[in-house]
Amino acid sequence: MSFTESALKLFHLGEGPPDRSKRFAAIGRDLPRVDGRAKVTGTATYAAEWPVENLVHGAVIDSEIARGTVRSIDDSVALAAPGVLAVVTHENAPRLASYPKKGAGFPLTGEGGLGEVRQPLQDPTIYYGAQSIAVIVAETSEQARFAANLVKVEYDVQPPELDMDAASWTTRPTEFSGGEALQRGDESVEKALEGAPVRLEREYENPIYHHNPIEILASIACWEQRGGKDRLLLYDTTRSVDMLRDVVCHSFGLPLDCVHIVSKFIGGAFGSKAWTYHNPLLVALAAKVAGRPLRLEWRRQQVWSIGGHRPAQRHRLRIGAEPDGHMRALHHWTRQHSSMISGYTEYGSRMTKMMYAVPELGFTNELAHLNLPSPSVMRGPGFLTGGWALETALDELASELSIDPIELRLRNYAEIDPDTGLPFSNKHLRDCYDRGKERFGWDARHAKPSTQRIGRDLVGYGMASAMHPAAQQEASATVTLHADGTATARSATHELGNGSYTVFRQIAADGVALPIERVTFDLGDTTFPKAPPTHGSITTATVGPAVLDAATDAIAKLKDLASKDRASPLHGAKAERIEARAGRLHLFGDPATGEDYGTILRRAGVQEVTGKADVKPGLERMRYAFYSFGAVFAEVRVDSDTGVVRVARLCGVYDCGRLINPRTARSQLMGGMIFGLGAALTEETIFDPVNGLPVTRNLADYHVPACADTPDITIEVLNIPDPHIGELGAHGVGEMGTNGVPPAIGNAIFNATGHRLRSLPYTPDKLIKAYRHG
Amino acid sequence: MDEPQTLILKVNGQEYKLRPDSRTTVLDALREQIGLTGTKKGCDHGQCGACTVHLEGERVLSCLLLVEGLAGREITTIEGIADPAGELHPMQQAFIDHDAFQCGYCTPGQIMSAIACVKEGHAGSRMEIQEFMSGNLCRCAAYPNIIEAIEAVRAAVLDPANSIQ
Ligand code: FES
Ligand code: FES
């Protein structure tokens, strides 16, 4: 494709040509969020905010050691304090079944599993610092927090294991989350590496990162006895109501219909707030003991231990290449930590295995179990950190061979997926490079490092490729057409800033051919049709088709009613001859012969008709490799005295299928890019290397990007529907923006200073050290 | 021991009687006793800005403010800047128009801060807005859109034909 041709296919977000697809009126439109009003007026209800009668409050006590056992807990003073109703510990908490092995098909336990295996308050063992060991329940939150200081805990302390390299328990898990292989490579990779004319071997390391959504974990647990059965209503910050219900039912030995979980608005998650941690179980347990509905908002200080994190990783990249830059062999070794009670493995080579056309590919993922809290997925798991290592190594190769970094990537461009050998479903990464080059002004880059200066600042340009899988899972939805000419769609998915309320309303509206104002979409409730956790950027591509199909089914049922009704002008018409348009059914090409939805329903004597759909990824998954791609560019200013790095500009061009709503998608990508900037420059969690307790326990010591850190951001999305991912042609964009930003910034720092930093984050001390030692 | 006195807090023009507890912060009083949950808790120790309210028109962090000692002083929350069912405050509308949020959890605090930022005269330039809005963290990182929303409202304030309160 010529550049002009490809440029014609491209347009900047929000200014594109109208969608040509007749059916899509709301889909693809740049619409404001439908939950905007609720969010700006403070009326959106988050988990801790549900009004519940007779509520009591909880506060959690954390262990002061990272390894050992609780010898004794003296709660006598706490119990005598005003308002205190109960102190719940491993000694008096009800027993739970052991942690479930699987949830929705994913292995939760074992090496490569996703969950933290320990059930809360069941035994006195301490596996990591600040582990939850007791809950105070009191009439008010002030009383609960105060009494938490009155509990005396004694421990039998053992020295914690905290060093990834000296760990006594290390493994090589075979699969990540029960699917992707974590180990690959044989003699031939080694041979190809050895025989290559150009060889590059580099080590990189990233620190622990924490999600830190602004809303902290919270639950309200309400038990009641009804029909002779224990029932639990749980308001929770979870982004996986159905999975959490499975875990709760399994743990408490309850049938599915006895547990009802509600999560209407989530104040950000970024990989935390799933079902994989003990927090909701602990609140439900304590509520049971207290015999009253219990509300527990965790403290910011506690999320460093109980909500998961991106584990620290070391990466070793080995590249064998030709002098012209063609890679012949590539091996990615990663070692990371997990806890003593989780097999979660951050899959460092997820990008390496599929990004470039390299004939010999290998990877190793090692796990070291330590007395640290359990890690978890975090925005771009494996892609952000492993991808950073890969894209930095590529920049190193480009500079060694004096090849332009984009040219090097083009020389190794993968036309088919090197991992599976399948063609990509919809890859236009070349266009991303081209557009990014132009939008960013790449040609102004000085190839020779450290040659551009503004005052004290060294100026540098860098770029990196980015990718994310365009995965799909099973989901269900219903869409109900009402006699008053409105429609309601439902699915147990989640709203955590991803725009679910908005985009699924758009899809439902087009599906039933009604204006968007006449349609609502509801979510976050286990009584709704099942949906997977909101993770892995799958939501739009997973729930979207379910909503669309359910809408289509509702219209089919309506057509059937009309066609069978003697009084209808559509009587006897075949379904394929009937078209739905603007709230009416009429004959194709004959809009006058028809009637509105309400008339059909009322004459049939019904108030509504409901369409249903259960969708799952189909055979196309065997025929194509589904990925989103992007090219990210950064301009940095590095202070030549202090080593402080400021990002002046970020530019990202993305290829992620059709956008359902360019406005919400752009915001997600933009937020993702700034999230990546935090990982690149300031974020780093530190655990004390001796006692294993978290050292960075607040938002001052752990600096997430603030308004003042915001660079100038340019985002362009190709918006080319994926022809193989169903009618919508959409991929998710939740994690895409994050990936690629740290290496683009690091590569720009090299271009600015001539110093290659191989450890994240790029803090001033590392640059000063580099300045001193050349 | 003296009988504890009832605490009184005036919020959005209305007086509320609260449990007598000298430890109660304005934030917890709002969320747990009064039922005004629009003000958010993100850290409970003055680092995130999610709990920003106005005390006599000035922005303050309600998690660092004890109810005791505020007798007779006026607190305004996100629920008090406009009729939630009626016309929005221009800053609320600007936040919607510019998509200046994603999850929405930091948003009430951002809006309370943004209104004060314009009123203080600290919205003169992008840089100034960035500096004076940095006490309000947004992990969704809607910052570029927040800046745009504030710039739009400031422009409307400066235009006398278009003035807002
Ligand atoms: S909750 Fe008050 S500043 Fe964070
Ligand atoms: S909108 Fe989510 S934290 Fe700001």
Side-chain angles (χ1 to χ4, degrees), chain A residues 32-33 35-46 48-49 51 57 140-143 145-146 211-216 265-270 295 297 299-300 495-499 663-664 666-668 670-675 677-678 698-700 704-710 712-713, chain B residues 19 21 23-25 28 31-33 35-45 47-48 50 77-79 81-82 84-85 88-89 91-93 95-97 99-109 111 127 129-147:
Chain A
R33 282 169 209 268
D35 53 359
R37 194 179 177 96
K39 285 173 174 171
V40 301
T41 53
T43 49
T45 307
Y46 297 81
E49 300 170 350
H57 298 260
T140 72
S141 62
E142 291 86 358
Q143 291 167 337
R145 288 197 294 261
F146 176 71
H211 316 84
N212 275 311
I214 301 299
E215 182 202 32
I216 312 169
F265 286 96
I266 302 165
F270 315 110
R295 172 182 183 274
E297 245 177 335
R299 319 274 295 160
R300 174 62 58 187
E495 168 64 44
L496 39 71
N498 50 346
R663 188 183 306 205
T664 57
R666 182 182 186 281
S667 286
Q668 266 191 298
M670 180 182 82
M673 291 171 86
I674 298 174
F675 201 92
L677 181 144
N698 62 71
L699 295 169
V704 305
C707 199
D709 298 313
T710 307
D712 181 60
I713 292 186
Chain B
R19 283 190 301 261
D21 190 328
R23 298 165 298 197
T24 304
T25 62
D28 285 343
R31 287 171 67 78
E32 293 170 15
Q33 295 192 55
L36 290 176
T37 55
T39 307
K40 305 301 181 192
K41 181 183 281 191
C43 69
D44 214 15
H45 51 244
Q47 293 179 336
C48 74
T77 69
I78 190 77
E79 292 92 345
I81 57 167
L88 295 174
H89 185 282
M91 191 63 81
Q92 290 172 311
Q93 190 58 50
F95 266 59
I96 295 180
D97 295 344
D99 206 35
F101 51 87
Q102 292 173 45
C103 77
Y105 196 78
C106 73
T107 310
I111 290 172
M127 278 252 289
I129 293 170
Q130 286 187 255
E131 205 55 42
F132 282 88
M133 285 302 292
S134 275
N136 289 81
L137 297 177
C138 176
R139 187 55 156 162
C140 299
Y143 300 125
N145 295 355
I146 292 172
I147 298 165

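Quick note on labels: first sequence line is chain A, next is B, and so on, each numbered from 1.
Closest non-hydrogen pair, B/Thr37 versus A/Glu49, comes out as O-OE2, 3.3 Å.
Only the side chain of B/Ile147 comes within contact range of chain A, with heavy atoms under 4.5 Å apart. Contacts of B/Arg23 with chain A are made by both backbone and side-chain atoms, with heavy-atom separations under 4.5 Å. Looking at A/Pro32, the atoms closer than 4.5 Å to chain B (heavy atoms on both sides) all sit in the side chain, from C-beta outward. In this structure, chain A has a heavy atom under 4.5 Å from the backbone of B/Asp97, while its side chain stays farther away. Looking at A/Gln143, both its backbone and its side chain come within 4.5 Å of chain B, counting heavy atoms on both sides. Of the two parts of B/Asp44, only the side chain, counted from C-beta on, holds a non-hydrogen atom closer than 4.5 Å to a non-hydrogen atom of chain A.
Evaluation of the salt bridge (charged side-chain N to carboxylate O under 4.0 Å, His left out) rule for A/Glu495 yields A/Lys39 as partners, not counting sequence neighbours. A/Arg145 meets the salt bridge (charged side-chain N to carboxylate O under 4.0 Å, His left out) test with B/Asp28; sequence neighbours excluded.
Contact count versus chain A (heavy atoms, under 4.5 Å) is highest, among B/Cys103, B/Gly109, B/Ser134, for B/Cys103.
Using modelled atom types, one finds no donor on one side chain facing an acceptor on the other under 3.5 Å when comparing A/Ser667 with B/Gln102.
At distances below 3.5 Å, at least one donor-acceptor pair connects side-chain atoms of B/Arg139 with backbone N or O atoms of A/His211.
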